[in-house]
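Worth saying up front: this structure is predicted, and the values here are computed from it rather than measured.
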Protein chains: 2
Amino acid sequence: MQSRSPASRTGRPRSATADAAILAATREALVELGWSKLTLGDVATRAGVAKTTLYRRWAGKNELVVDAVAELFDALELPDRGSLAADIEGVVLQFATILALPEAKSGLMAVVAEATRDDALRERIRASVVDRQKRLVLEGRARAQARGELPPEPDPASSARTVDLIFDMVAGAVVHRTLVSAEPADEEWVRGFTRVLLHGLGD
Amino acid sequence: MQSRSPASRTGRPRSATADAAILAATREALVELGWSKLTLGDVATRAGVAKTTLYRRWAGKNELVVDAVAELFDALELPDRGSLAADIEGVVLQFATILALPEAKSGLMAVVAEATRDDALRERIRASVVDRQKRLVLEGRARAQARGELPPEPDPASSARTVDLIFDMVAGAVVHRTLVSAEPADEEWVRGFTRVLLHGLGD
DNA sequence: GGCTTTCGCTACGAGTCGTAGCGTAATGCC
DNA sequence: GGCATTACGCTACGACTCGTAGCGAAAGCC
């Protein structure tokens, strides 16, 4: 969330209810209006708060939408399904389900686009959205190595590179499938994707 | 480009010079201002044309930026490097080079985000940007099958699915690497990506 | 020359932005 | 309980952008 300086202990505290109402209203507006037609004044009205309250907490539309969308990814987890392939399929399906939500589709790509010219915004996205997924890649690999499905990584540097590569491939493919190709990343697609990811095109 | 009705053969023709100037000015403004701060009035001034001329040819910012960015992908081709791996590396590097341009980064993701709520816009992107890349996937696979590096596809339906899958994986990974991870998709990264794509994680 | 369409220019109402100012409400500290 | 401090709701504001309308002039085809 927004960083409130912990030194301030005096004065009226910020309403946590208002926070939740604003983020919910933002997602609602994303569904109904989309990114470009979403206005902060409208969000304030939907949330039942004053527009000035919004500007006290968020620097602008970008930061607000990142926080609103980030909450959607809280549900991500990696259930142990017994094999690397099954684990991958499970988590990719979860990711695809979240990304299929209209509020995620409209908002996420727009803030990513804005982040190309705003380092602070990109860092905010990384911290609140991306890292939560990258953790799943690390967990899944550790499990697979414990099962003997993947060889252990000797070199820590090359290990980090591999995680980044896998992450770009998984997240990138699902995002591209959902947003650009505009086709559902359903079970059939996820099975095919996992097969190529694990065994390559040559089979 | 924009569809001018071919029946209209009379009257003053539209200036092709103005078209080129507008698209160039759009890319210039994308570099300097980014998507959100780009205004059509500013583009018109840069291009040396009246704002009304812009609105006569494009419905709005979305369509204009799609056309401006699409021209960047005209340079894509698939040189024959002798092996499937080398072909993939070559074309992925080309794609990454284009996507690293600031005007492509700022503009492309923004219009993709807008396209989640605008079918016509998504179709415009598909026609002018995506299909040009998908053609390369088809060519590359045909070459690899001729060389015996890939098995021939018996079922046309499953063949089309595979092309779509490969395309989502390639384009998605490069886009995610460049825009979200904000790391360069350089030769080293492309080599690692190609290896996983061809042989899988289990090696 | 006449017809048609585009061009540059100006002007306009509508809408959004982000901020300032004010009085009030809610908390911690003494 | 009183005080300082901060958040809140509300209103109003100038600045900006949007997309369109109307005009006279320009450039092509018959």
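- Taking atom CG on A:D42 and atom P on C:dG15, their separation rounds to 13 Å, with Å as the unit.
- When each of A:L101, A:V43, A:V65 is checked for a side chain to side chain contact (heavy atoms under 4.5 Å, CB included) with A:L30, only A:V65 meets the rule.
- Rounded to a whole Å, the OH atom of A:Y55 is 15 Å from the C1' atom of D:dA12.
- Whole-Å rounding puts the B:W58 CH2 to D:dG19 P distance at 15 Å.
- A donor N or O paired with an acceptor N or O is not found under 3.5 Å between the base of D:dA7 and the side-chain atoms of A:R14.
- Using a 4.0 Å heavy-atom distance criterion, A:S15 is classed as a sugar-phosphate-only contact.
- Note: CG (B:L33) to P (D:dT17) measures 10 Å, nearest angstrom.
- When distances run from any side-chain atom of B:T52 to the nucleotides D:dG28, C:dG8, C:dA26, the shortest one goes to C:dG8.
- Checking B:S159 against B:R141 by side-chain atom types alone, a donor-acceptor pair falls below 3.5 Å.
- Taking atom CG of residue A:L54 and atom P of nucleotide D:dC10, one finds them 13 Å apart after rounding to whole Å.
- Checked by distance alone, B:T10 brings no side-chain donor or acceptor within 3.5 Å of a matching partner on the base of D:dC30.
- Between the side chain of B:K51 and the base of D:dG19, a donor-acceptor pair under 3.5 Å is found.
- Following rounding to the nearest Å, A:L40 (CG) and C:dC17 (P) show an atom-to-atom distance of 5 Å.
- What separates NZ of A:K61 from C1' of C:dG15 is a distance of 13 Å, to the nearest Å.
- A:W35 carries A:K61 over the face of its six-membered ring, with the cationic atom under 6.0 Å from the centre and within 45° of the normal.
- A donor-acceptor contact under 3.5 Å links the side chain of B:R12 to the base of C:dT6.
- You won't find any donor-acceptor pair under 3.5 Å spanning the side chain of A:R56 and the base of D:dA7, going by distance alone.
- Residues A:S36 and B:E114 have side chains that bring a donor and an acceptor to within less than 3.5 angstrom of each other.
- Applying the 3.5 Å distance criterion, the base of D:dC18 shares no donor-acceptor pair with the side chain of B:T39.
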